[in-house]
Amino acid sequence: MIRKLIPIALPVLALVGGAFGGDMLRAPADPAAHDAAAADDHAATADDHATAPDDHAAASDDHGGGEDHAAAGEDGWFTFPTQFFVPLVRQGDMGDLMIITLTLQTDGASLEALRKKEHALRDALLRQLLIHANTGGFDGNFTADRNLVVLRQELAKAATGVTDLPIKAVLIEDIARQQG
């Protein structure tokens, strides 16, 4: 009985330990100082735009669609701070492990609200990845374009199922199979 639990428990413990360690490395030492620095950067950017009207006129003369157009309809990108680990279980044994890095594309205005929904989104996406794995989605040539299109659609549906925020696309930044 214990021999069957160890191959499943070890990757789960490694995942939890890695997520905890990554979160500790990612967190700023002083959150108040981090917020103040971000506010200063935002204020400096606003001052640059307010004091340089000639730059806006020059940008509007640019027929290539300058930065002003991008800033007005700018996309936001939310990359999950840790990877998704998906065990591939066959006949009761975990043989391989899929390691996937995901990013969600949204509009810039919804980015902070999307960050607040990270845990619910991670749960929904991991649930969908497990379903995909259990139905054979990672068997064979899982990197074929038609297979990745199906996976992206499934993940987008799962993400939009837990939030009403606009999610334009699910990007698969990294995908690898680790042999067990």
Side-chain angles (χ1 to χ4, degrees), residues 5-29 31 34 38 41 67 70-71 73-180:
L5 291 177
I6 288 176
I8 294 173
L10 286 177
V12 171
L13 288 173
L15 172 68
V16 170
F20 180 72
D23 191 46
M24 288 182 61
L25 291 173
R26 181 174 64 96
H34 177 69
D41 289 344
E67 291 181 13
E74 185 176 321
D75 284 341
W77 305 92
F78 175 72
T79 301
F80 287 92
T82 56
Q83 298 169 321
F84 289 83
F85 295 88
V86 183
L88 301 179
V89 180
R90 297 291 178 256
Q91 298 175 354
D93 293 325
M94 188 181 91
D96 297 340
L97 185 69
M98 295 300 299
I99 303 168
I100 304 167
T101 303
L102 296 177
T103 296
L104 301 179
Q105 180 183 4
T106 186
D107 58 24
S110 301
L111 194 55
E112 190 57 37
L114 197 62
R115 281 190 180 99
K116 292 178 181 178
K117 293 267 191 176
E118 175 187 344
H119 299 291
L121 287 165
R122 177 173 277 284
D123 175 66
L125 293 173
L126 183 58
R127 187 178 331 122
Q128 189 59 48
L129 286 167
L130 290 169
I131 291 170
H132 190 76
N134 290 332
T135 57
F138 292 121
D139 294 342
N141 187 4
F142 62 89
T143 59
D145 189 50
R146 67 181 180 279
N147 296 338
L148 291 177
V149 166
V150 169
L151 178 58
R152 284 185 190 102
Q153 289 172 345
E154 291 171 351
L155 293 173
K157 185 177 178 183
T160 56
V162 296
T163 183
D164 56 348
L165 298 170
I167 295 177
K168 298 178 182 178
V170 176
L171 288 77
I172 301 171
E173 296 214 3
D174 293 314
I175 186 167
R177 182 190 309 224
Q178 182 177 349
Q179 300 285 325

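Worth saying up front: this structure is predicted, and the values here are computed from it rather than measured. Numbers for residues simply follow the sequence, beginning at 1. Scope of the values below: all heavy atoms of this structure, side chains included, with no hydrogens, waters or symmetry mates.
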Can you give the donor-acceptor pairs under 3.5 Å from side chains of residues 172-180 to other protein atoms, not counting sequence neighbours?
residue : atom : partner : partner atom : Å
E173    : OE2  : T103    : OG1          : 2.5
R177    : NH2  : F138    : O            : 2.3

Can you give me the closest heavy-atom contact between [X] and [Y], atom names plus distance?
| X | Y | value |
| --- | --- | --- |
| L121 | A159 | CD2-O, 3.7 Å |
| L148 | T143 | CD1-O, 3.5 Å |
| A124 | V162 | CB-CG1, 3.7 Å |

Rounded to the nearest 0.5 Å, what separates atom [atom1] in [X] from atom [atom2] in [Y]?
| X | Y | atom1 | atom2 | value |
| --- | --- | --- | --- | --- |
| K117 | S110 | NZ | OG | 12.0 Å |
| L111 | L165 | CG | CG | 10.0 Å |
| L155 | L171 | CG | CG | 11.0 Å |

Non-neighbouring partners of D164 that pass side-chain contact (heavy atoms from CB on, under 4.5 Å), sequence neighbours left out:
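Applying side-chain contact (heavy atoms from CB on, under 4.5 Å) to D164 gives none.
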Donor-acceptor pairs under 3.5 angstrom involving side-chain atoms of residues 125-134: please list them, not counting sequence neighbours.
residue : atom : partner : partner atom : Å
R127    : NH2  : D123    : OD2          : 2.5
H132    : ND1  : E154    : OE1          : 2.9
H132    : NE2  : G137    : O            : 3.4
N134    : ND2  : L130    : O            : 3.2

Residue pairs involving [range] (criterion salt bridge (charged side-chain N to carboxylate O under 4.0 Å, His left out); sequence neighbours excluded):
| range | result |
| --- | --- |
| residues 6-17 | none |
| residues 5-19 | none |
| residues 130-151 | R90-D139 |

Verify, without hydrogens or angle tests, whether T160 (side chain) and K157 (backbone) share a donor-acceptor contact under 3.5 angstrom.
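Yes; at least one donor-acceptor contact below 3.5 Å.
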Heavy-atom side-chain proximity of L97 to V86 below 4.5 angstrom:
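No, too far: nothing below the 4.5 Å cut-off.
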What residues, two or more places apart in sequence or in another chain, satisfy side-chain hydrogen bond (donor to acceptor under 3.5 Å, both in side chains) together with Q105?
D75
Strictly by ring-ring contact (aromatic ring centres under 6.0 Å, His included), give each pair with a member in residues 159-178 just once, sequence neighbours left out.
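Applying ring-ring contact (aromatic ring centres under 6.0 Å, His included) to every pair that reaches into residues 159-178, excluding sequence neighbours, yields nothing.
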Using the ring-ring contact (aromatic ring centres under 6.0 Å, His included) rule, collect all pairs that involve residues 146-180, keeping only residues at least two apart or in two chains.
none
Mind checking what makes ring pair (Phe, Tyr, Trp, His ring centres under 6.0 Å) contact with F80, not counting sequence neighbours?
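With neighbours one apart ignored, the set is F78, F84.
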Can you sort out the partners of R115 under salt bridge (charged side-chain N to carboxylate O under 4.0 Å, His left out), two or more places apart, ordered by chain and number?
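Checked R115 against salt bridge (charged side-chain N to carboxylate O under 4.0 Å, His left out); matches are E112.
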Set of residues satisfying salt bridge (charged side-chain N to carboxylate O under 4.0 Å, His left out) with respect to D107, sequence neighbours excluded
none
